[in-house]
Number of protein chains: 2
Amino acid sequence: MLGETTRDRQAERRLATRLEILDAAWAVARDKGLSSLTLRDVAERVGMQAPSLYSHFASKHAIYDAMFGQAWSEYDELDAAHAGDRFDGPRAEVLAKTMQFFDFAAADLARYQLMNQRTIPGFEPSPEAFAPSVRVVERDLARLARLGITDRGDVEILFSIIGGLVDQQLANDPGGDSRRKLLERAVQMWADGVGLPPEPRKRKARK
Amino acid sequence: MLGETTRDRQAERRLATRLEILDAAWAVARDKGLSSLTLRDVAERVGMQAPSLYSHFASKHAIYDAMFGQAWSEYDELDAAHAGDRFDGPRAEVLAKTMQFFDFAAADLARYQLMNQRTIPGFEPSPEAFAPSVRVVERDLARLARLGITDRGDVEILFSIIGGLVDQQLANDPGGDSRRKLLERAVQMWADGVGLPPEPRKRKARK
DNA sequence: GTCTATACACCGATAGAC
DNA sequence: GTCTATCGGTGTATAGAC
């Protein structure tokens with residue numbers, strides 16, 4: 001019988017190979033486009049033959065699925081890392097969180113297409129891969145509820161504004177920041193519409 | 001030499017075949033998804049062999065291109081047909097035009113993906129196919145300018161709101177109208193933000 | 001001119017030797 | 001676990017019948 005250490009090392013090596021494949025997949029997706037990713041390209045990048053990938057992933061969609069989970073986990077961790085941040089009022093908080101997501105989304109077209117658009121024909125994320133995105137949304141809902149925003153429709157409108165601006169940014173000005181500049185104005189409109197209290201007077205900066 | 005009538009009839013027949021192919025392509029796109037459209041499926045639907053399509057279209061992308069032009073032309077004509085409509089004030093006008101686009105977009109997923117999303121890997125519409133969409137945008141810009149909205153950023157924000165809500169509608173509630181109900185509230189927020197005059201007093205309906 | 005027949009290169013996926 | 005060989009399906013191209 002194999003010792004624990006041997007079994008652990010095997011599992012560790014297996015996990016490392018999986019991550020290697022996923023890294024290669026991200027590189028190919030960013031290089032040739034998310035939906036133009038081919039197993040042969042991924043395999044070549046990790047020094048394998050294409051069918052060997054099936055020892056680690058059940059299908060091409062399973063690779064997309066793992067990438068989907070990675071992307072949302074990455075944002076989940078980024079967001080959680082800023083959980084303790086303090087803001088100068090509700091509007092500053094909403095704007096900061098909004099820009100945090102916008103910047104993350106607009107920074108990587110392939111990643112955003114996988115996370116938020118349905119650009120892969122038959123792809124549906126599995127429940128496991130979907131879990132981190134649920135965590136993010138629930139944290140956002142809780143944050144907005146703490147600010148007095150409990151109407152789900154108001155939240156959907158805010159999400160739509162952000163999503164619409166990200167789409168336009170990536171479609172019409174990839175790599176630029178034209179829509180990012182509009183984000184603050186749009187969020188102020190939304191904050192006025194939902195009755196979010198105006199900013200408290202700014203304290204004069206002390207010399 | 002062929003008579004004019006013969007030549008006309010040939011051209012007419014050729015155009016009819018083109019439209020037949022495009023109709024079949026729309027049917028396949030709606031049935032199996034826009035990006036899962038195959039030339040063999042289209043050909044089968046019109047009673048041809050797949051390579052015969054190349055007598056009428058230079059490539060699969062050329063078919064997408066013609067479909068793109070058809071879709072925007074269709075909306076262009078719908079919009080132009082309502083050019084003479086009168087409204088009870090600026091907000092009612094913006095809301096009506098906004099809902100007109102929302103309904104058109106949300107009614108057909110495949111068509112919306114082709115018109116407004118970049119879901120086909122290598123597809124870029126040709127200038128000719130792009131022309132009707134330019135007409136629509138310019139008519140919208142002129143309409144908003146007539147209402148006093150001249151800041152391009154304000155217009156982009158409105159477009160983002162609409163696009164974001166359509167995306168959410170099609171992604172999360174296809175065939176439903178949950179986001180359509182939010183559209184009015186979102187447009188009111190935007191109208192307040194850009195300083196559009198409030199609605200005039202409603203005249204009492206006369207019995 | 002239009003269509004059929006055939007072929008090519010590429011894709012995801014599977015079977016089986018080692 | 002990785003390989004080679006191969007399958008059915010795809011977009012695309014071309015030769016040749018009519």
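So you know, we letter chains A, B, ... as the sequences are listed, proteins then strands, and number each from 1. Please read these numbers as outputs of a predicted model, since none were measured by experiment.
Between A:Leu53 atom CG and C:dG12 atom C1' the separation is 11 Å, expressed in whole Å. C:dC11 atom P lies 17 Å from atom NE2 of A:His61, rounded to whole Å. For A:Tyr64 and C:dC11, the OH to C1' distance is 12 Å, given to the nearest whole Å. Atom CD1 in A:Ile63 sits roughly 14 Å away from atom P in C:dC11 (whole-Å rounding). Whole-Å rounding puts the B:Phe57 CZ to D:dT12 C1' distance at 16 Å. One interatomic measurement links the two molecules: CE of B:Met48 to C1' of C:dG1, which rounds to 13 Å at whole-angstrom precision. For A:Lys32 and C:dC10, the NZ to C1' distance is 12 Å, given to the nearest whole Å.
The residues A:Arg179 and A:Asp167 are annotated as not salt-bridged, no charged nitrogen and carboxylate oxygen being separated by less than 4.0 angstrom.
The side chain of A:Gln49 approaches D:dT4 more closely than any other nucleotide in the set C:dG12, C:dC3, D:dT4.
Note that CD1 of A:Ile149 is 9.0 Å distant from CG of A:Leu158, once rounded to the nearest 0.5 Å. Here OG1 of A:Thr98 is found 12.5 Å from CZ of A:Arg91. Values are rounded to the nearest 0.5 Å.
Listed pair A:Arg13 / D:dG1 fails the phosphate criterion, with no side-chain N or O lying under 4.0 Å from OP1 or OP2. Between B:Ser55 and C:dG1 there is no side-chain N or O to OP1 or OP2 distance below 4.0 Å. An OP1 or OP2 oxygen of C:dT4 is reached within less than 4.0 angstrom by a side-chain nitrogen or oxygen of B:Ser52. Residue A:Tyr54 places no side-chain N or O under 4.0 Å from the OP1 or OP2 atom of C:dT14. Side-chain N/O atoms of A:His56 include one lying less than 4.0 angstrom from OP1 or OP2 on D:dT2.
Within the cation-pi definition used here (under 6.0 Å to the ring centroid, within 45° of the axis), B:Arg111 qualifies as a partner of B:Phe104.
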Mind listing the N/O atom pairs, protein and nucleotides 15-18 of chain C, below 3.5 Å?
none

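Between B:Arg143 and B:Asp79, the closest side-chain pair of non-hydrogen atoms falls below 4.5 Å. Using a 4.5 Å heavy-atom cutoff, the side chains of A:Trp190 and A:Val94 are in contact. Annotation: side chain of A:Leu182 is not in contact with side chain of A:Gln169 (no heavy-atom distance under 4.5 Å). Annotation: side chain of B:Ser133 is in contact with side chain of B:Phe130 (closest heavy-atom distance under 4.5 Å).
Proximity of residues 34-47 of chain B to DNA chain C (heavy atom under 4.0 angstrom from any strand atom) is not detected for any residue.
Residue-level contact check: A:Ser59 touches the backbone only, with heavy atoms under 4.0 Å from sugar-phosphate atoms and none from bases.
Between B:Gln113 and A:Arg118, the shortest heavy-atom distance links the atoms NE2-O, 4.4 Å.
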